[in-house]
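Read the structure below first, then the notes.
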Amino acid sequence: MRTWEDFKNDPSTFTNMSKEEETLIDTLAFLHATRIKMKISQVELGQKIGLTQPQIARLENLDVIPTFTTLGKYAAGLGFNLKLTVVPA
């Protein structure tokens, strides 16, 4: 999976974005916007979920690809549950 840096360096990759990449970006954008609306700082969220402020920033900037566990921690820190659904192809 590509990082946000890959997309910034080559805008044409936006047209070739996989559904998984699009879903991850949408999920992180929702969580990031929710954190801001809730007026929770990166430091506060990090303390709550056991991550550092720089780790939160890298997630929100899409500089790293989070594991399902890390994404779940982020969501839980904001009062959400991350749900994985299996559907027919």
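In this text, all values refer to a predicted model and were calculated from it rather than measured experimentally. Residue indices begin at 1 and follow the sequence shown.
V87 and L82 fall into different hydrophobic clusters, where Ile, Leu, Val, Met, Phe, Trp and Tyr are joined by side-chain heavy atoms under 4.5 Å apart, directly or via other members. I25 is connected to L78 through a chain of hydrophobic side-chain contacts under 4.5 Å among Ile, Leu, Val, Met, Phe, Trp and Tyr, so both are in one cluster. A continuous path of hydrophobic side-chain contacts links F80 to L45 [ILVMFWY only; heavy atoms under 4.5 Å]. Hydrophobic clustering, with ILVMFWY side chains joined whenever heavy atoms are under 4.5 angstrom apart, groups V64 together with F30. Connection of L28 to I65 is established within a shared hydrophobic cluster, with ILVMFWY side chains joined at heavy-atom distances below 4.5 Å, either directly or through further cluster members.
Summarising the geometry, atom CG belonging to D63 is positioned 12.5 Å from atom CD belonging to Q55; distances are rounded to the nearest 0.5 Å.
Every residue meeting the side-chain hydrogen bond (donor to acceptor under 3.5 Å, both in side chains) condition with S41, not counting sequence neighbours, appears here in chain and number order: E44. Checked against side chain to side chain contact (heavy atoms under 4.5 Å, CB included), Q47 has the following partners two or more places apart in sequence or in another chain: V43.
Scanning both residues, L24 and P66, for their nearest heavy atoms gives CD1-CG, 3.9 Å.
For residues 73-89, the set of pairs meeting the side chain to side chain donor-acceptor pair (under 3.5 Å) definition, not counting sequence neighbours, comprises E60-Y74.
Looking at R35, its side chain does come within 3.5 Å of a backbone N or O of I40 through a donor-acceptor pair.
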#### Entry: Worked verdict on L31 versus L59 for side-chain contact (heavy atoms from CB on, under 4.5 Å)
CA-CA 10 Å; L31 292 171; L59 284 173; over 6 Å; no
